[in-house]
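This report concerns only the one structure given below.
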Amino acid sequence: MIIYFGLPELGGLVLLLVLSTSIAVMLRARSRRIAEQRRLVNAFPYPALLFHGPRVALANSEGENLAKHLDLQALVSESIQRGQNVVRTVPAVEGQAFQARAIRLGDTETLVLMEDLASAQRQQAFYRSFIQNVSHELKTPLTVIQGHAAKVGDAPDDRHGNAGSIRIISEEAKRLTALVDNLLTLATIESPAFNLERSPFHFGALLEECILQLSELAEERRIGLSLNVASGIPRVQADRSRLKQVVLNLLDNALKYTPPGGTITVGLEDDPKASALACVVQDTGEGIPGEDLPYIFDKLYRARRLRGKPVEGSGLGLTIAQQIIRAHGGEIRVASELGKGAAFTFSLPYGKAAA
C-alpha cells in the first residue's frame, strides 16, 4: 500500500496543528478566566453573582440562595442598556431589603453585589457604640491623669499630696496601657491574617504556671488559689501563649470579684468522647446578675456589681478569651449565681498532639 504525502497534505496537516493549538490555547484561557471569575465571586463576604448577558453564570453560596427569591434580570438589563453601573434597593422576603449594585465588567458581563441594608445598619450602630465606649474608657483615666498632673504642678512642694497623685497617675497609666494592649490583641485575633502558633504541650503544666504567677497576689488579698488536674491528661496541639492569656484573664477576673477569705479553684479533666480537655475556673465571689449573663462575652460589656462597687477592667478580657478558645475549635461558657460565685468552663480539642 502506497501513501502519497505531498505539499497539499503537508499544508493541511500544518493547518490542522495550528487550529488544534489555537483551540487548546483558547480553551485553556477560557478555563483560566472562569477560575479567576469564580475566585473573585467567592472572595466576597456577601452575596455576589456574575451575569453573562441576562443569565447567571457564577454565584457564591450566598448569591445562589438569594437568586432563588429575587428577580435581578431587570437590574442587569438596565445596566446593559445604559452601559453603566446601576444601584437599586431591592425588596426581599419578610421585609428584608438589599442594596443591589450592578457593575459592568464588559459588554456582556455584569457583576451584581448585594448588601443587606439591615445588617449594614446594625454593624454601623455597633461600631458607633463601640467607638463611644472606647472613647469613654480612654477619657476617664486621661481626665484623672490630667487632674492630678495639674495638682502636682500647682503645689510642687506638697510631698505628701504629690505622692498620692503620682501613685494615682501611675495606676491610671497602667489602666490605659492594659486597655490599649487589649484593643490591639482583639484587632490581631479578629484579623483575617491571624494564625495560631501551635505546638504540643501539657496544659496542666500551663495551669500550674499561671497559678504560681498569681499566687502572691492571691495571698495578698487573702484568697485561696488551688489547682486540680486529673491523671492521664493528654497533651494538646495548641498556641501556648494565647491559651496562657485566656487562663490569666479568667483568673484575673476571679481575683477581682472574690472577697478576702474566698477561694478560686482551677480544674482540668479529660473528655475522651469529645476528644477535648475541659477546664473550669470557679470562684466563690459575688457572682454575675442573671440579666448580664447573655452579654458577658460582648465587647466592652461589664456586669454590674453588688452594692454599687466600682466595675473594674476594660470589658475586653472575656471577649479575647472567647475568640482564642473558638480559634482552637473549642467553646467557653459561664454559670453563675449571685452571692455564690461564677464558673467559667471551656473546652480545648486535643489536636494532633493526642495521637
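Heavy-atom minimum distance, I320 versus Q245: CG2-NE2, 4.1 Å. Taking each heavy atom of S165 and V152 in turn, the nearest pair found is CB-CG2, 3.7 Å. Closest approach of L251 and V266 over heavy atoms only: CD2-CG2, 3.6 Å. The heavy-atom pair separating F201 from A238 by the smallest distance is CE2-O, 3.6 Å. When all heavy atoms are compared, the tightest approach of L277 to P234 is CD2-CD, 3.9 Å. Nearest heavy atom pair, residue I145 against residue A173, reads CD1-N, 3.9 Å.
A276 pairs by the side-chain contact (heavy atoms from CB on, under 4.5 Å) definition with A274, not counting sequence neighbours. Listed by chain and residue number, nothing satisfies the side-chain hydrogen bond (donor to acceptor under 3.5 Å, both in side chains) test with E269 (two or more places apart in sequence, or in another chain). For T110, the side-chain contact (heavy atoms from CB on, under 4.5 Å) criterion is met by F51, V76, S79, I80, A102, R104, V112, not counting sequence neighbours. With sequence neighbours left out, the side-chain hydrogen bond (donor to acceptor under 3.5 Å, both in side chains) criterion links R222 to no other residue. Partners of R88 according to the salt bridge (Lys or Arg N to Asp or Glu O under 4.0 Å) rule, which considers only residues two or more places apart in sequence or in another chain, are E78.
Panel note: side chain S336, backbone G287; no donor-acceptor pair is recorded below 3.5 Å. Remark: the backbone N or O of H52 is not paired with any side-chain donor or acceptor of T108 at under 3.5 angstrom. A donor-acceptor pair under 3.5 Å links the side-chain atoms of T143 to the main chain of K139, judged by distance alone.
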- Task: Could you walk me through whether Q322 and V246 pass the side-chain contact (heavy atoms from CB on, under 4.5 Å) test, one step at a time?
- Result: CA-CA 8 Å; Q322 183 185 60; V246 170; over 6 Å; no
- Message: Applying side-chain contact (heavy atoms from CB on, under 4.5 Å) to I325 and L243, what does each step give before you reach the verdict?
- Response: CA-CA 8 Å; I325 293 300; L243 289 175; 3.9 Å; yes
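Under a hydrophobic clustering in which Ile, Leu, Val, Met, Phe, Trp and Tyr are joined whenever their side-chain heavy atoms come within less than 4.5 Å, directly or via other members, V280 and L318 fall into different clusters. Taking hydrophobic clusters as Ile, Leu, Val, Met, Phe, Trp and Tyr residues chained together by side-chain heavy-atom distances below 4.5 Å, L212 does not share a cluster with V229. No continuous path of ILVMFWY side-chain contacts below 4.5 Å connects L113 to V87, so the two sit in separate hydrophobic clusters. A single hydrophobic cluster is seen to contain both F194 and I332, as judged by linkage of ILVMFWY side chains at heavy-atom distances under 4.5 Å, directly or through other members.
The 12-atom threshold is not exceeded at CD of E197, counting heavy atoms of other residues, nucleotides or ligands nearer than 6.0 Å. By the neighbour-count criterion of 12 heavy atoms within 6.0 Å, atom OH of Y295 is sparsely surrounded, having that number or fewer from other residues, nucleotides or ligands. Annotation: Q99, atom CD; neighbour count of heavy atoms from other residues, nucleotides and ligands within 6.0 Å is above 12. E219 CD: 12 or fewer foreign heavy atoms inside a 6.0 Å radius.
The closest side-chain heavy-atom distance from F346 to H328 is not below 4.5 Å. Looking at heavy atoms from C-beta onward, T319 lies out of side-chain contact with N182 at the 4.5 angstrom threshold. Contact annotation: the side chain of T185 approaches that of R242 to within less than 4.5 Å [non-hydrogen atoms, C-beta and beyond]. In this structure the side chain of L214 never reaches within 4.5 angstrom of the side chain of I264, judged on heavy atoms. No side-chain heavy atom of L49 sits under 4.5 Å from any side-chain heavy atom of L58. Contact annotation: the side chain of R240 approaches that of L206 to within less than 4.5 Å [non-hydrogen atoms, C-beta and beyond]. Within the 4.5 Å cutoff, the side chain of T345 has no heavy atoms near those of the C279 side chain.
Between the CG atom in L50 and the CG atom in L105 there is a gap of 6.5 Å [rounded to 0.5 Å]. The distance from atom CD of E220 to atom CG of L255, rounded to the nearest 0.5 Å, is 10.5 Å. With values rounded to the nearest 0.5 angstrom, T265 atom OG1 is found 8.5 Å from L225 atom CG. Put simply, CG on L268 and CD on E208 are 12.0 Å apart, with the number rounded to the nearest 0.5 Å. Here C210 contributes atom SG and L250 contributes atom CG; the two are 9.5 Å apart, rounded to the nearest 0.5 Å. Considering OH of Y257 and CG of D283, their distance stands at 11.0 Å, rounded to 0.5 Å.
Side chain to side chain, D239 and S241 meet the donor-acceptor criterion of an N or O pair below 3.5 Å.
Clustering of Ile, Leu, Val, Met, Phe, Trp and Tyr by side-chain heavy atoms under 4.5 Å joins V144 with I168.
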